[in-house]
Amino acid sequence: MMKMAFKSLLSCRFLPHSSAAVSSYCVTRVDSHFHLFSTITNHNPKPKPPFIASSPRPHAQLQQLLYDKSKIGFDNLDDALFVFHKMLNMKPPLSVMKFNQLLVALVRMQKYSVAVSMFRELRVLCIPVNIVTFNTIIKCCCCHLNNTLDHAFSLLGGMIKSGLVPNVVTYTTLIKGLLSQDRPVDAEHLFKKLLTFNEVQPNVVTYSIVIDGLCKTSNGYCKRQKVDKAIDLRRQMPEGLKPGVETYNTIIHGLFQMGRHGEARNLFNELLSNGDKPDIITCRILLDGFCKNQQIDEAISFFGLMECNGIIHDIQIYNILIDGLCKNRKLDEARHIFNNLVSRGLQPDVVTHNILIRGLCQEGLFEEAKELLSKMEVSSCLPNDVTYNTIIHGSLVNKKYKEALVLIETMRTRRFSADASTTSMVIDLLSTEEQDQSVLAFRKWFLQ
DNA sequence: GTAGGGTTAG
C-alpha cells in the first residue's frame, strides 16, 4: 500500500499537465521516474584553479582568482592574506566588488573573524565599501561562534551613518542571526516589523529563513505548533513570492522530524505539481525522512530509483542510506553497500566510517568496529572526534571497559575530547555498583 | 561575474 502510494507520489508529476490532476495514483511505471531525476539539479563545483603565479597579466589573473575563490574559498588562510595585502598595495586600487569577493571567499572558509578584521582595515584605510560589504560582514558577525550579534546590529547603525540604506538582504541576515543565536522572539519581532515597513519588504528568502527557524526551534508539542505555523506562513506568502525548492525542503524536513511523513509526502507532491524541480537536497531529506520514519523499504526503493537514474554519485546520500540501514537493524545490507563503495567510484568519508562503527557497536560487533578504526588510522580518512566518541560509546555499551580506557587515552593523544554523551556515560558507570578495576580506573581518569 | 534560504555521523 505504502509502496504504491510512494510510487504514485513520484509518478504524478510526469504526466502532461492536463492529465496530472486526473489521477496521481494510476501511473506507476518505473520509466516515468526518469523524468524526475532528469530534472534534479546537480551541484558540481567548478574545478579549483591554480594559485596565483607570475603572469604577463597579473591584474587580470588576480581578478579571475578572486572571482573563482569567492565561489569555493581559498585553499588556506595564508593565500587569502597574501592576496589581501597584494590588493591593498595595488595602483590603481581594485574595485569594491573585488574586495567583496575576497571577503565572501573568507566566509566560505568560515574565517569570519579574519573577514571582520579585514573589513576594519579597509575602513581605517578609507578604502570604499558598499552595501554588499556591510551585508557580508554582518553575516560574519551572525555566524561567529562568539556572540557578536550586537556587533552585527552596530554595523547596521554604521551602515546608515555611512549613508547606505539597509536592504532586504541586511534584514534577512539579521533575522537569521537572531534565530541562530536562539532569539526567536526577537527574530519574529524584526520580521513583523518588516511586514509593516514600507521601504523593505521580506522576500522569499526571508520567509524561508523564518520558516526554517520555526521548523527547527523547540521539541514536542511546541514543535508541532511551530511546524504548523511554518506551513501557514508558507501559505500566507504574498502572490508573486513563489517559494523555491529550498522552502519546500525546509518544511518537508520539519514534517519528517515530527513524524508527519504523510504530510511530508503531500508537500513533496505539491512541489512536483507546481512544476518545481527537486534537487539533491530534496532527495537527501526524503531518503533520511523515510529511514527515520520506519519506512526503510520506501527508502530502499527511492534510493534504487535515484541509483538507476544516475543522480546519486554522492557519498552523502550513501551515508544517509547506510545510517538508515544500521538504525533499522539491517547491518548486513549496510556493510555490503559500504564494502562496494570503492568499486562504484566513491570513497567513504569520515562520516561513512562513523556511521558503520556505530552500527557495528550497536549490534555487539565491537571487535569489527575496532578493526575499522584501525584501518582508518592508517588511511587517508583519519578518525575525528566523533569517531572516538562513537567507539568509546560502543565500548561502554558493550562493557569493554579496559578497551574504553585505552581508546580514551588514544583520543587524548590525538587532542580530541570526550563529548557530553561520553562524559555522561562515564558518570553513569561510576554511579553503578559495578566497581571492578576498570571502573575504578575510570574514576581516576574522570578526576584527573 | 560581489551579499541573505534547505540535508547526513556521536
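Sequence lines set the chain letters: A, B, ... in the order given, protein chains first and strands last, and positions in each chain run from 1.
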note: Y171(A), atom OH; dG4(B), atom P; distance rounded to Å ~ 18 Å
Next item on the list: Could you tell me whether V96(A) contacts a base, only the sugar-phosphate backbone, or nothing, with contacts defined as non-hydrogen atoms closer than 4.0 Å?
Entry: nothing
**Asked** Side chains of V210(A) and L233(A): closer than 4.5 Å at any heavy-atom pair?
**Response** yes
Quick note, D68(A) side chain, CB onward, closest among dG1(B), dA9(B), dG5(B) is dG1(B)
Of dG6(B), dA3(B), dA9(B), the nucleotide closest to the side chain of R358(A) is dA9(B)
Hey, does D419(A) reach any base, or is it just sugar-phosphate, or nothing, if we go heavy atoms under 4.0 Å? base
Give one of base, sugar-phosphate or nothing for S421(A), where a contact means two heavy atoms less than 4.0 Å apart. nothing
Among dG6(B), dA3(B), dA9(B), the one nearest any side-chain atom of N135(A) is dA3(B)
Using a heavy-atom cut-off of 4.0 Å across all strands, would you classify V168(A) as base, sugar-phosphate, or nothing? base
Picking from dG5(B), dA9(B), dG6(B), the nucleotide nearest the side-chain atoms of V204(A) would be dG5(B)
Original post:
Is any side-chain heavy atom of M425(A) less than 4.5 Å from a side-chain heavy atom of V397(A)?
Top reply: yes
Taking dT8(B), dG6(B), dG4(B) as options, the one with an atom nearest any side-chain atom of N203(A) is dG4(B)
Of the candidates dG10(B), dG5(B), dT8(B), the side chain of E246(A) sits closest to dG5(B)
| query | Is T170(A) touching bases, backbone alone, or none of the nucleic acid, heavy atoms closer than 4.0 Å? | reply | nothing
The nucleotide from dG5(B), dG10(B), dT2(B) with an atom nearest the side chain of N130(A) is dT2(B)
query = What nucleic acid atoms does V386(A) come within less than 4.0 Å of, heavy atoms only: base, sugar-phosphate, or nothing?
reply = base
Taken to the nearest whole Å, CZ/F256(A) to P/dT8(B) is 13 Å
**Prompt:** Heavy atoms under 4.0 Å, any strand shown: does T247(A) hit a base, just sugar-phosphate, or nothing?
**Reply:** base
- Item | Presence of salt bridge, K292(A) and D288(A), under 4.0 angstrom | yes
Atom CZ of F268(A) and atom P of dG6(B) are separated, to the nearest Å, by 19 Å
Margin query: Heavy atoms only, 4.0 Å cut-off, all strands: where does N319(A) land among base, sugar-phosphate and nothing?
Written below: base
